[in-house]
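Any value given below was found using the heavy atoms of this structure, including those in side chains, with hydrogens, waters and symmetry copies removed. Because the structure is a prediction, the values reported are computed rather than measured.
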Amino acid sequence: YPTWKRTLARQAREAQMKRFCKAQAIQRRLEEIEVTFRELEQQGIKLEKLLRDENDSPADQQTQWTNQLLYLVQKKNSLMNEESDLMIAVQELKLEEQQCQLDQKLRSYMNRADTLRTPEDSKAEQEILRQLVEVVNKRNVLIHIQEEKRLSEL
């Protein structure tokens, strides 16, 4: 087993572990966002009830409640943007994993000697190459979406 093959295998495992850790961190953050959404929803319900039920309360108190409600809406929108970014990151991780697997399959076909290669092997290699290009194009689309989103936020 040549050294370069061991090196490639080790690098692939390390990259897979990094993707796994990143996916776990994203999943934790998505769960935190979900909890925060529920908390914001409860606070919003309380503030709406106060605004509807307390018509005889001072105007400055109602203004304060309205401002708090607007702050909750802004916070919720901010969390929704973050959640959207995280979902894009999840899709990107999936595509990255798929690309890595296809790359490994392609390498195994390309490392075969030409004398051992069958027509089916060549067809399979072409199919893997087609899938690889498709995955790269999908990743490119995700990057383009992120860039458009970033520019629109500016």
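- Rounding to the nearest 0.5 angstrom, the gap separating the OH atom in Tyr71 from the CG atom in Leu47 is 12.5 Å.
- Taking 4.5 Å as the limit, every side-chain heavy atom of Gln16 sits out of range of all side-chain heavy atoms of Cys100.
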Handout entry: Check against side-chain contact (heavy atoms from CB on, under 4.5 Å), Glu39 and Val35
Key = CA-CA 6 Å; Glu39 292 170 356; Val35 168; 3.7 Å; yes
Practice task
Take Trp65 and Glu48 through the side-chain contact (heavy atoms from CB on, under 4.5 Å) test and state the conclusion after the steps.
Solution key: CA-CA 8 Å; Trp65 290 334; Glu48 282 185 45; over 6 Å; no
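- With contacts defined as side-chain heavy-atom distances shorter than 4.5 Å, the pair Arg130/Glu134 qualifies.
- Cluster membership for Met87 and Met80, using ILVMFWY side-chain heavy atoms within less than 4.5 angstrom, is shared.
- The structure places CG of Leu102 at 12.5 Å from CZ of Arg107, a figure rounded to the nearest 0.5 Å.
- If you run side-chain hydrogen bond (donor to acceptor under 3.5 Å, both in side chains) between His144 and each of Glu147, Gln146, Glu148, only Glu148 comes through.
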Practice task
May I have the step-by-step check of side-chain contact (heavy atoms from CB on, under 4.5 Å) for Ile45 and Lys49, ending in yes or no?
Solution key: CA-CA 6 Å; Ile45 290 170; Lys49 284 182 181 178; 3.9 Å; yes
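- Under the 4.5 Å side-chain heavy-atom criterion for Ile, Leu, Val, Met, Phe, Trp and Tyr, Leu86 and Leu95 are members of distinct hydrophobic clusters.
- To the nearest 0.5 Å, atom CZ of residue Arg117 and atom CG of residue Asn111 are 9.0 Å apart.
- A salt bridge links Lys76 with Glu41: the distance from a Lys NZ or Arg NE/NH1/NH2 to an Asp or Glu carboxylate oxygen falls below 4.0 Å.
- With respect to the salt-bridge test (charged N to carboxylate O, under 4.0 angstrom), the residues Arg10 and Glu14 qualify.
- For Thr63 (side chain) and Ala59 (main-chain N/O), a donor-acceptor pair under 3.5 Å exists by modelled atom type.
- The cluster map of Ile, Leu, Val, Met, Phe, Trp and Tyr, joined by side-chain heavy atoms under 4.5 Å apart, puts Leu30 and Phe20 in different clusters.
- Remark: Lys105 does not engage Glu125 in a salt bridge, criterion side-chain N to carboxylate O under 4.0 Å.
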Handout entry: Full working for side-chain contact (heavy atoms from CB on, under 4.5 Å) between Asp85 and Lys149
Key = CA-CA 9 Å; Asp85 289 342; Lys149 190 173 178 182; 2.8 Å; yes
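- With a 4.5 Å cut-off on side-chain heavy atoms, Phe37 and Glu83 count as touching.
- Going from atom OG of Ser108 over to atom CG of Asp103 covers 10.0 Å, rounded to the nearest 0.5 Å.
- Note that CG of Leu106 and CD of Gln126 are 9.0 Å apart. Values are rounded to the nearest 0.5 Å.
- With hydrogens and angles ignored, the 3.5 Å screen pairs a side-chain donor or acceptor of Asp121 with a backbone N or O of Thr118.
- The pair Arg29-Glu32 meets the salt-bridge criterion, with a side-chain N (NZ, NE, NH1 or NH2) lying under 4.0 Å from an Asp/Glu carboxylate O.
- Residues Ile88 and Ile26 fall into different hydrophobic clusters, defined by Ile, Leu, Val, Met, Phe, Trp and Tyr side chains chained together at heavy-atom separations under 4.5 Å.
- Distance check, rounded to the nearest 0.5 Å: CG of Asn137 to CZ of Arg139 gives 11.5 Å.
- Checked by atom type, the side-chain pair Gln131/Glu127 shows a donor-acceptor distance below 3.5 Å.
- Residues Ile143 and Leu93 do not share a hydrophobic cluster, clusters being chains of Ile/Leu/Val/Met/Phe/Trp/Tyr side chains in contact below 4.5 Å.
- Between the side chain of Thr66 and the main chain of Gln62, a donor-acceptor pair closer than 3.5 Å is present.
- Lys75 and Thr36 are not linked by any side-chain donor-acceptor pair at a separation below 3.5 angstrom, with hydrogens and angles left out of the test.
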